[in-house]
Protein chains: 2
Amino acid sequence: MENFIYDKRIYYHPIEFAMVHIGGTWKIPILLALRNGPQRYGELKTTISHITDKMLVTQLRELEKKKMIYRSVYRQKPPKVTYTLTVHGKQAFAAIDALTMFGNYMINITEVIS
Amino acid sequence: MENFIYDKRIYYHPIEFAMVHIGGTWKIPILLALRNGPQRYGELKTTISHITDKMLVTQLRELEKKKMIYRSVYRQKPPKVTYTLTVHGKQAFAAIDALTMFGNYMINITEVIS
DNA sequence: CAGTATCCGTGTTGATACTG
DNA sequence: CAGTATCAACACGGATACTG
C-alpha cells in the first residue's frame, strides 16, 4: 500500500485518509455528541453550542456520505430528524480517545488559561 | 477544564489543542520520520519526498517552538543540522498509531485505487 | 424544527527563485 | 547543506438572512 488514490486525490499515508473522515473543526465534536446515542438536529446544536447551522449541516452531510453516521427522517409535523453513529463511526473513537489523551497531556505541560 | 485559552485563541476540546501540535499536512509525516532516531534536514527532505523546502522549514520551526522536536546545529562546513524528538514528541505516537489504524480501517472498507 | 442560500475573510499550502 | 523570500491559489470556516 502506501500511496493511493481516492476521489481524485492522492494520499501518502493512512492518517491523511483518517483525517478526511474525522478532521476539521467540527467532525469530532459531532461524533462525540452522538457517542451516547442518537441526537436530533436541534439537540446537536445545543450540545455543540458554538456551531452555526451552515457548519452543522455541512459536516453532518459529509459524515453521512462517508458512512460515519446515518440520518433518520420521521415524517411528522413539526419534522424530526435524528443522527446515529454507524459501526464505522464507532471505530473512530479509539483514535479520538488517544487524541484526547495527548491533548490533555499537552495542556498540562503548557501555560494555559482556564 | 473544558474551554481554555492559549496564545489568544479559545479551545473547546483537548483535541483542538492536540491538533495544533500534530495537525496539518506535514507534522505527522515529520514526526514519523524522526521516530527511529534523529534526521538531518536533507534526510527529512528525502524521506518525505513530496515536501517543499518552505513547508519543511515552516513545520520544523513550529514543532520546535511547541517542544515536539529539538534542533541541533553542528558548526562545520558544509553545515549540519539534525532534528530529534523530545519526550513530548514521543507522547504523540499513541495518538498517531491510533489514527493510522483508523485510517487503514477506512481504506479497507472503501473503494481505493492503489 | 431542520434546514438553505450567499457572500466573503483569511489561513494554509504550493511554486518558484535565490543564498550564507 | 540547509535554508529564505515572494507571490499566488484555494479550501475552510464564519456571518447573516431566509424557508418548507
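- A:K67 pairs by the side chain to side chain contact (heavy atoms under 4.5 Å, CB included) definition with A:H88, not counting sequence neighbours.
- Note on A:L31: it does not cluster hydrophobically with B:Y12, by side-chain heavy-atom contacts below 4.5 Å among ILVMFWY residues.
- Residue A:R71 places no side-chain N or O under 4.0 Å from the OP1 or OP2 atom of C:dA2.
- Taking atom OH of residue A:Y12 and atom C1' of nucleotide C:dT13, one finds them 13 Å apart after rounding to whole Å.
- Not one side-chain nitrogen or oxygen of B:R40 sits closer than 4.0 Å to the OP1 or OP2 atom of D:dC1.
- Looking at heavy atoms from C-beta onward, A:I15 lies out of side-chain contact with B:F102 at the 4.5 angstrom threshold.
- Here A:V81 lies in heavy-atom contact (under 4.0 Å) with sugar-phosphate atoms only.
- For DNA chain D, the stems formed by at least three consecutive Watson-Crick or G-U pairs, with both atom-pair distances below 3.5 Å, span C:1-20 with D:1-20.
- A heavy-atom distance below 4.0 Å to DNA chain D is reached by none of the residues of residues 27-38 of chain A.
- For B:R75, there are no side chain to side chain donor-acceptor pair (under 3.5 Å) partners, not counting sequence neighbours.
- Applying the side chain to side chain contact (heavy atoms under 4.5 Å, CB included) rule to A:Q39 yields the partners A:A33, A:L34, A:E43, A:L44, A:T47; only residues at least two apart in sequence or on another chain are considered.
- Contact annotation: A:Y41 side-chain N/O to C:dT4 OP1/OP2 distance is not under 4.0 Å.
- Distance NZ (A:K80) to C1' (C:dA2): 13 Å, rounded to an integer number of Å.
- When hydrophobic clusters are built by joining Ile, Leu, Val, Met, Phe, Trp and Tyr residues whose side-chain heavy atoms come closer than 4.5 Å, directly or via intermediates, A:I10 is not grouped with B:L32.
- The distance between atom CD of B:E16 and atom C1' of C:dG11, rounded to the nearest whole Å, is 16 Å.
- In terms of position on DNA chain C, the residue among A:L60 and B:G24 whose nearest nucleotide sits closer to the 5' end is A:L60.
- Distance A:M19 CE to C:dT13 C1': 16 Å, rounded to the nearest Å.
- When rounded to the nearest whole Å, the span between OH of B:Y74 and C1' of D:dG3 equals 18 Å.
- Applying the ring-ring contact (aromatic ring centres under 6.0 Å, His included) rule to pairs touching residues 16-42 of chain A yields A:F4-A:F17, A:Y6-A:F17, A:Y11-A:F17, A:F17-A:H21, A:W26-A:H50, sequence neighbours excluded.
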For residues 57-65 of chain B, please give each side-chain donor-acceptor pair under 3.5 Å, one per line with the distance, not counting sequence neighbours.
unit_1	atom_1	unit_2	atom_2	d
B:T58	OG1	B:K54	O	2.6
B:Q59	OE1	B:K27	NZ	2.9
B:R61	NH1	B:Y83	OH	3.4
B:E62	OE1	B:K27	NZ	2.9

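- Scored by the salt bridge (Lys or Arg N to Asp or Glu O under 4.0 Å) test, B:R71 finds no partners at all (sequence neighbours excluded).
- For the pair A:R61 CZ and C:dA5 C1', the computed distance is 14 Å after rounding to whole Å.
- Sorted by first and then second residue, the salt bridge (charged side-chain N to carboxylate O under 4.0 Å, His left out) pairs involving residues 6-16 of chain A (not counting sequence neighbours) are A:R9-A:E16.
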Under 3.5 Å, which protein N or O atoms sit close to an N or O of nucleotides 14-20 of chain C? Give each pair with its distance.
unit_1	atom_1	unit_2	atom_2	d
C:dG14	OP2	B:W26	NE1	3.0
C:dG14	N7	B:K54	NZ	3.2
C:dG14	O6	B:K54	NZ	2.2

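- In this view, A:Q76 and A:Y74, A:K80 satisfy the side chain to side chain contact (heavy atoms under 4.5 Å, CB included) rule, not counting sequence neighbours.
- Remark: A:K45 engages A:D53 in a salt bridge (Lys or Arg N to Asp or Glu O under 4.0 Å) (not counting sequence neighbours).
- For B:E43 and D:dA2, the CD to P distance is 8 Å, given to the nearest whole Å.
- Whole-Å rounding puts the B:E62 CD to C:dG11 C1' distance at 11 Å.
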